[in-house]
Structures are given as C-alpha cells and as structure tokens.
Amino acid sequence: MIKHQLVLPAVLILITNNLLAQDNNTQNNYNPFSVSAHVKNMHTWHGFVVHPGALFASSIEYNSKNKKFTFGFWGGASFSPIDVKNLETSKNVSAYYKEVSIYTKYRFSKFFFIEAVSHNNYTGVEERGDQLQFWSYDKTQGYNFVDVNFGYNITPNTLLYLATIINGGSGDYEVQKDGSLKDSWTHYFEINSKVWQNKDASLSLFAGGAWSFITDKTFYTANAGNIINVGATYNKQISLLDYKLPVDVTLMWNPEQERTVIQIDITLF
C-alpha cells in the first residue's frame, strides 16, 4: 500500500514536469519580434517611383502569438541623393531619401485582413526650408499621410486589395475656387495573382487603379481616376551555400505617367 502511495505522486510529478516542459518549449518557440533588411535598386509603391536610386530598407515588428495582430515600423534610407528646390533660394539642393513608416494589421481569417499605415516620408523637408515635424499630418506639409487598407484572398493565390487615404494628408486634396481645401479620400484598388510557381520561383501579375468620389483629382492622378500600376513580379530563391536569398524582380508600368521601371528587391534577412 505504501508503495502505491509513493508511486502515484511520483507519476503525477513526472506528468506535471512533462507538461510544464512542453509549455516552456512552446513559449520558447514563440518569438513576438522580428526584423528584416532589404537592398533595392529603387523604391516603387502603387505605381509611383518613390525614390529612383539604390537604398537600404529595414523593418521591426511585433506579432501576436496567434499571428492575427501585427504592429511594426518600416524605414528606408538611400545611398544616392535627389534634387529638391529650396523655398528661399529657388536653387536645387541634394537630399537623401528618408522614410520611417508605421503599420498595423489584424487578420480576421486566412482570407481577410484590415491594415492601417502611416506613411512618413520626410525626404528633403529640411533641405527645401521646411521645419521637420515627424508627427505632423498637415495637409500642405506634404510628407505624412495615413492609409486604411483591406485585403481579401478570393483564392489562395489571388488577393484583392483596397487602400483609402484619410484626412487629406500629403496633398490628397483639391483646391476650391474660394481657396479652401477639399479632401479627395483617394481609393486605390489592386488585383494581385500568382500565376506560376515551382520549387524555388514564382511569378505574380498585378493591376491597380485610383479614383476619388469627392474631387476631380486623386493622390495618384492629375485628373480623374485611372489605371496607374500594371506589371509582374518574379521571385527567385537563390542558393548561397546553405542560405536561401530571396530576390524579387518587379516590372512596373504606369500608363498615366508613361513610366516603365524594373525594381530589384534583395531580402538579406
């Protein structure tokens, strides 16, 4: 009887220790924070060439344990400058591309998510004679604005994406006859679909357009809504010894601007 009394607590202790070890392993396997680093020959976004030269981009983000919630910062800094006009001297001065944007995303399911992005591109702000205010969303300041975005996967390989600029930031407005500013609330809609894939590579096609129900101009277009972003992205996993180096090559065409570029994006980690 005494032996049985000793064995039962011993078994319970072993089971408890095993469960605690499994729980600790699960907790140890969960890393809420991640970072990334990229090198790009240029930076494009929604049909725009945001910066035409080479740059380094990085991010740091938090992800919840259930992978539904994400909050992070994305930043870019260029290796080469562009010219901006100084407001006092009217002369061109050099300025490097600088951006630190904030984003958050919530995934309701594997098909649907909502996202908010504060785009903070302060390239050339001080060089042109303005006062740098990172948290300012003044309409006429021209470098901070917020996007509210929705994404829905109609198939595992096809994403429908809708982005709306709120509060008329960074010039998303139309000047009225009386001099007042009317927010455009520009909408951007894109279809992105992976059309081919093998073990180490894939090809996706995309098309996007912008419009406003409020004004005759949008953030992306000079007049009424238009198709502004058409192209393809080829992804290749390049093997370097035991390391896989993801490389994205994007061919982008903006019909309104008659602009065609190729962006190369190398993920370092």
Side-chain angles (χ1 to χ4, degrees), residues 26 29-40 43-48 50 57-74 101-117 119 147-165 186-211 220 225 227-240 242-255 261-269:
T26 301
N29 289 334
Y30 166 59
N31 185 357
F33 302 100
S34 63
V35 295
S36 71
H38 298 248
V39 174
K40 308 173 72 173
H43 180 42
T44 63
W45 177 79
H46 290 188
F48 271 78
V50 180
S58 58
S59 69
I60 179 170
E61 68 178 33
Y62 164 82
N63 287 281
S64 63
K65 196 170 184 179
N66 61 10
K67 299 181 180 181
K68 287 183 176 293
F69 175 76
T70 297
F71 178 81
F73 295 84
W74 183 95
S101 294
I102 310 165
Y103 60 91
T104 185
K105 178 187 289 187
Y106 188 82
R107 302 166 184 84
F108 292 92
S109 69
K110 64 180 180 179
F111 303 106
F112 177 65
F113 68 83
I114 183 171
E115 179 183 49
V117 184
H119 300 274
D147 256 331
V148 176
N149 314 323
F150 299 89
Y152 185 77
N153 283 95
I154 57 175
T155 72
N157 291 327
T158 302
L159 173 68
L160 304 182
Y161 181 78
L162 175 66
T164 300
I165 297 175
T186 296
H187 307 288
Y188 173 82
F189 179 74
E190 180 179 301
I191 301 175
N192 191 308
S193 183
K194 185 184 296 183
V195 296
W196 174 84
Q197 183 176 13
N198 65 13
K199 182 180 178 181
D200 297 317
S202 65
L203 179 69
S204 297
L205 303 179
F206 59 86
W211 76 95
Y220 305 96
I227 301 297
I228 57 169
N229 191 21
V230 179
T233 297
Y234 179 77
N235 171 270
K236 175 71 175 178
Q237 301 283 330
I238 299 176
S239 298
L240 295 176
D242 295 330
Y243 182 71
K244 292 287 188 179
L245 187 69
V247 178
D248 287 342
V249 179
T250 299
L251 173 64
M252 186 201 79
W253 172 48
N254 185 323
V261 298
I262 294 181
Q263 173 188 272
I264 299 174
D265 184 347
I266 301 172
T267 302
L268 302 179
F269 57 82

Mind listing the closest non-hydrogen atom pair of Ala232 and Phe206 along with its distance?
N-CE2, 3.4 Å
What residue pairs, at least two apart or across chains, pass salt bridge (charged side-chain N to carboxylate O under 4.0 Å, His left out) with a residue in residues 147-156?
none
Look only at the side chain of Ser109 and the backbone of Phe111, and say whether a donor-acceptor pair between them is shorter than 3.5 Å.
yes
Residues that Phe112 engages under ring-ring contact (aromatic ring centres under 6.0 Å, His included), provided they are two or more places apart:
Phe108
Once salt bridge (charged side-chain N to carboxylate O under 4.0 Å, His left out) is applied, what residue pairs with a partner in residues 191-207 remain, sequence neighbours excluded?
Asp200-Lys244
side-chain hydrogen bond (donor to acceptor under 3.5 Å, both in side chains) against Asp242, all qualifying residues, sequence neighbours excluded
none
According to the interplanar angle, ranging from 0 to 90°, do the rings of Phe71 and Phe73 count as parallel (below 30°), tilted (30 to 60°) or perpendicular (above 60°)?
perpendicular
Contacts of Tyr62 meeting ring-ring contact (aromatic ring centres under 6.0 Å, His included) (sequence neighbours excluded), chain-then-number -> Phe33
Going by side-chain hydrogen bond (donor to acceptor under 3.5 Å, both in side chains), name the residues that satisfy it together with Thr70, two or more places apart in sequence or in a different chain.
Asn63, Arg107
Is any side-chain heavy atom of Leu160 closer than 4.5 Å to one of Phe150?
no
Taken in chain and number order and not counting sequence neighbours, the residues that satisfy ring-ring contact (aromatic ring centres under 6.0 Å, His included) with Tyr234 are none
Partners of His187 by ring-ring contact (aromatic ring centres under 6.0 Å, His included), sequence neighbours excluded?
Trp211, Phe213
Smallest separation among heavy atoms of Ile228 and His46, with atom names
CD1-O, 3.4 Å
With respect to Ser202, which candidate in Gln197, Lys236, Gln237 satisfies the side chain to side chain contact (heavy atoms under 4.5 Å, CB included) definition?
Gln197
Which heavy atom of Ser101 sits nearest a heavy atom of His119, and at what distance?
OG-CA, 3.3 Å
Do the side chains of Tyr188 and Asn229 get nearer than 4.5 Å, heavy atoms only?
yes
Could you give me the CA-CA distance, side-chain angles and deciding distance for Gln263 and Lys40, then say whether side chain to side chain contact (heavy atoms under 4.5 Å, CB included) is met?
CA-CA 7 Å; Gln263 173 188 272; Lys40 308 173 72 173; 3.6 Å; yes
Looking at Tyr103 and Ser59, what are the two nearest heavy atoms and their distance?
OH-CB, 4.1 Å
What is the minimum heavy-atom distance between Asn254 and Gly47, and which atoms define it?
ND2-O, 3.0 Å
Which residues pass the side-chain hydrogen bond (donor to acceptor under 3.5 Å, both in side chains) test with Ser204, sequence neighbours left out?
none
Roughly how far, to the nearest 0.5 Å, is CD1 of Ile262 from OG1 of Thr44?
11.5 Å
Set of residues satisfying side-chain hydrogen bond (donor to acceptor under 3.5 Å, both in side chains) with respect to Ser34, sequence neighbours excluded:
none
If you look only at pairs with a residue in residues 148-159, which of them pass as a side-chain hydrogen bond (donor to acceptor under 3.5 Å, both in side chains), with sequence neighbours excluded?
Glu115-Asn149, Asn149-Tyr161, Thr155-Thr158, Thr158-Ser193
Under the side-chain contact (heavy atoms from CB on, under 4.5 Å) rule, collect the residues that match up with Ile266, sequence neighbours excluded.
Leu245, Val247, Ile264, Leu268
Output the distance between atom CG (Asp265) and atom OG1 (Thr233), rounded to the nearest 0.5 Å.
9.5 Å
